[in-house]
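These numbers come from the heavy atoms of this one structure, side chains and all, not from hydrogens, waters or symmetry mates.
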Amino acid sequence: MSFSYLKQLPSPSSIKEQYPLSEKLSALKSERDQMISDVITGKDNRFLVIIGPCSADNEDAVLDYVSRLAPVAEKVKDRLIIIPRIYTNKPRTTGEGYKGIASQPDPEKKPDMVAGLIAMRNMHIRAIEESELTCADEMLYPENWGYVEDLLSYVAIGARSVEDQHHRLTVSGFDVASGMKNPTSGDFTVMLNSVYAAQHPHHFVYRGYEVKTTGNPLTHVVLRGAVSKHGNNVQNYHYEDIMRLIEKYNQVNLVNPAAIIDANHSNSGKQYQEQVRIVKEVMHNRKLSSDIHNMIKGVMIESYIEPGAQKVSEHIYGKSITDPCLGWEASEQLIYDIAEMNQ
């Protein structure tokens, strides 16, 4: 019935000292950040493809996957900006199950937060070194931001975190594109309130300090589908959904209106193969309406080397141990199809 304080975690600055990002890669990240910012603000007509495993559970397999993305990203760089998903924290609806490499570096061993923070940072650095692609992660725990703030080019706030005040205020201090997912209820107003909060300056307590922020104008929405009161999946990527989103955006004083479509989760009912059809419908709808074209700036796709998902005990290389993912061959083809449709 009480907390047991096991050990004090090292500070972000001490971890960054031990695992620094080189000046060359830091410059690369700045360049990538600006490219992504230009897409969100409408200065660049390229399309964002945020793609990768549901959870980054195995460093070797994840880096293998990201290295495969690199030559594909080079081929489509005139039309697309590829942002690998390296999600090191995994939200769990009931609190049970694997919570990500940042908490549990080995899915079959006990949690080790210090080793997890090091593994999280080391994986992101290796990904940049080996692919020259800076990545996306989900900010499940705001306190972890300092450990990766110099590495990420995109941050997602999940459906279960988007209503939390601490997440909203922390995002207001970011200088990179940050996507607020709709809550599991699907309420657009909650999501847009989160964007509003994050786009404005705040004064609050963070990691034991009194801090103030300037607001993050690159905060935008991510549509991931919803769950009805009866437990059914409700999609929100269709033409009519985006038109309703545009109407809602116009009612709120927000800068840089933008939306990313999450093709998995409740939009696909976690039927991972459906992501291909969903993404193609999204691209088609962008052709039908200039308003939708201007609003939808990218897609999120859950993808890994092997299709589907497995139990932790199965040890199939490159296969998700959380949500099922699209396999590599289908993912590569889908990226080329997106590029072809983004004209």
Side-chain angles (χ1 to χ4, degrees), residues 32-51 80-83 85 87 134-139 145 152-159 161-164 167-183 186-202 213-226 236-237 241-265 267 279 282-283 285-286 289-301 342:
R32 294 254 306 163
D33 290 354
Q34 187 60 54
M35 288 162 46
I36 295 165
S37 171
D38 286 347
V39 172
I40 298 296
T41 58
K43 298 174 185 173
D44 189 327
N45 288 325
R46 283 181 291 178
F47 196 69
L48 304 178
V49 178
I50 304 162
I51 185 169
L80 308 181
I81 298 173
I82 304 295
I83 307 172
R85 280 175 55 112
Y87 278 28
T134 48
C135 303
D137 203 342
E138 179 175 348
M139 189 183 72
W145 169 244
L152 301 181
S153 284
Y154 188 94
V155 180
I157 305 301
S161 302
V162 73
E163 297 187 67
D164 177 64
H167 281 81
R168 294 174 171 186
L169 301 188
T170 303
V171 174
S172 74
F174 292 0
D175 60 356
V176 295
S178 304
M180 297 287 200
K181 289 196 173 186
N182 62 264
D187 192 325
F188 279 9
T189 301
V190 167
M191 174 178 63
L192 289 167
N193 284 344
S194 296
V195 174
Y196 184 93
Q199 285 193 356
H200 288 76
H202 295 283
T213 59
T214 57
N216 179 0
L218 301 177
T219 311
H220 56 275
V221 306
V222 179
L223 302 185
R224 49 87 72 201
N236 60 12
Y237 62 86
D241 297 306
I242 309 306
M243 295 305 291
R244 185 166 67 89
L245 174 66
I246 292 168
E247 182 182 347
K248 288 280 189 182
Y249 246 119
N250 290 337
Q251 295 169 1
V252 189
N253 183 25
L254 296 170
V255 297
N256 303 321
I260 304 290
I261 305 299
D262 180 346
N264 213 12
H265 298 99
N267 271 332
V279 168
V282 169
M283 301 306 293
N285 287 338
R286 291 179 84 235
S289 164
S290 60
D291 289 338
I292 289 179
H293 185 279
N294 293 334
M295 175 60 68
I296 299 178
K297 305 292 188 180
V299 290
M300 284 186 177
I301 302 164
N342 187 42

Identify the heavy atoms of [X] and [Y] that sit nearest to each other, and give their distance.
{"X": "Y87", "Y": "R85", "value": "CD2-NH2, 3.3 Å"}
{"X": "A198", "Y": "V171", "value": "CB-CG1, 3.7 Å"}
{"X": "M295", "Y": "P257", "value": "CE-CB, 3.8 Å"}
{"X": "H200", "Y": "S172", "value": "O-CB, 3.4 Å"}
{"X": "C135", "Y": "I83", "value": "C-CG2, 3.8 Å"}
{"X": "G186", "Y": "A226", "value": "CA-CB, 3.4 Å"}

Could you check whether any side-chain heavy atom of [X] comes within less than 4.5 Å of a side-chain heavy atom of [Y], counting everything from C-beta outward?
{"X": "V221", "Y": "N182", "answer": "no"}
{"X": "S153", "Y": "D33", "answer": "yes"}
{"X": "V176", "Y": "L218", "answer": "no"}
{"X": "L152", "Y": "W145", "answer": "yes"}
{"X": "M139", "Y": "S178", "answer": "no"}
{"X": "K297", "Y": "N256", "answer": "no"}

Point-to-point distance, once rounded to the nearest 0.5 Å, from [atom1] of [X] to [atom2] of [Y]:
{"X": "L245", "Y": "I261", "atom1": "CG", "atom2": "CD1", "value": "7.5 Å"}
{"X": "N253", "Y": "L192", "atom1": "CG", "atom2": "CG", "value": "12.0 Å"}
{"X": "T214", "Y": "H202", "atom1": "OG1", "atom2": "NE2", "value": "10.5 Å"}
{"X": "N285", "Y": "I292", "atom1": "CG", "atom2": "CD1", "value": "5.0 Å"}
{"X": "I296", "Y": "I242", "atom1": "CD1", "atom2": "CD1", "value": "4.0 Å"}
{"X": "M283", "Y": "H293", "atom1": "CE", "atom2": "NE2", "value": "7.5 Å"}

For [X], check salt bridge (Lys or Arg N to Asp or Glu O under 4.0 Å) against everything at least two apart and list the hits.
{"X": "D241", "result": "none"}
{"X": "R224", "result": "none"}
{"X": "D262", "result": "K181"}

Side chains of R32 and T134, donor plus acceptor under 3.5 Å: yes
Would you be so kind as to tabulate the donor-acceptor pairs closer than 3.5 Å made by side chains of residues 39-51, with sequence neighbours excluded?
residue : atom : partner : partner atom : Å
T41     : OG1  : S37     : O            : 3.0
T41     : OG1  : D38     : O            : 3.4
D44     : OD1  : R46     : N            : 2.9
D44     : OD1  : R46     : NE           : 3.3
D44     : OD2  : R46     : NE           : 3.1
D44     : OD2  : R46     : NH2          : 2.9
R46     : NH1  : K77     : O            : 2.9

Does [X] use its side chain to pair, donor to acceptor, with the backbone of [Y] at less than 3.5 Å?
{"X": "R286", "Y": "N342", "value": "no"}
{"X": "N267", "Y": "L223", "value": "yes"}
{"X": "Y249", "Y": "A258", "value": "yes"}
{"X": "N216", "Y": "A177", "value": "no"}
{"X": "E163", "Y": "V190", "value": "no"}

Side chain to side chain contact (heavy atoms under 4.5 Å, CB included) partners for D175, two or more places apart: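 D175 satisfies side chain to side chain contact (heavy atoms under 4.5 Å, CB included) with no residue once adjacent residues are dropped.
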Return the set of residues passing side chain to side chain contact (heavy atoms under 4.5 Å, CB included) with S194 (not counting sequence neighbours), or none when no residue passes.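 In terms of side chain to side chain contact (heavy atoms under 4.5 Å, CB included), with neighbours along the sequence ignored, S194 is linked to V162, R168, M180.
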Tell me if the aromatic rings of H220 and Y154 count as close, with their centers under 6.0 Å from one another.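 Distance test on ring centres: under 6.0 Å, yes.
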Going through the checks in order, is the side-chain hydrogen bond (donor to acceptor under 3.5 Å, both in side chains) test met by R244 and N236? CA-CA 10 Å; R244 185 166 67 89; N236 60 12; over 6 Å; no
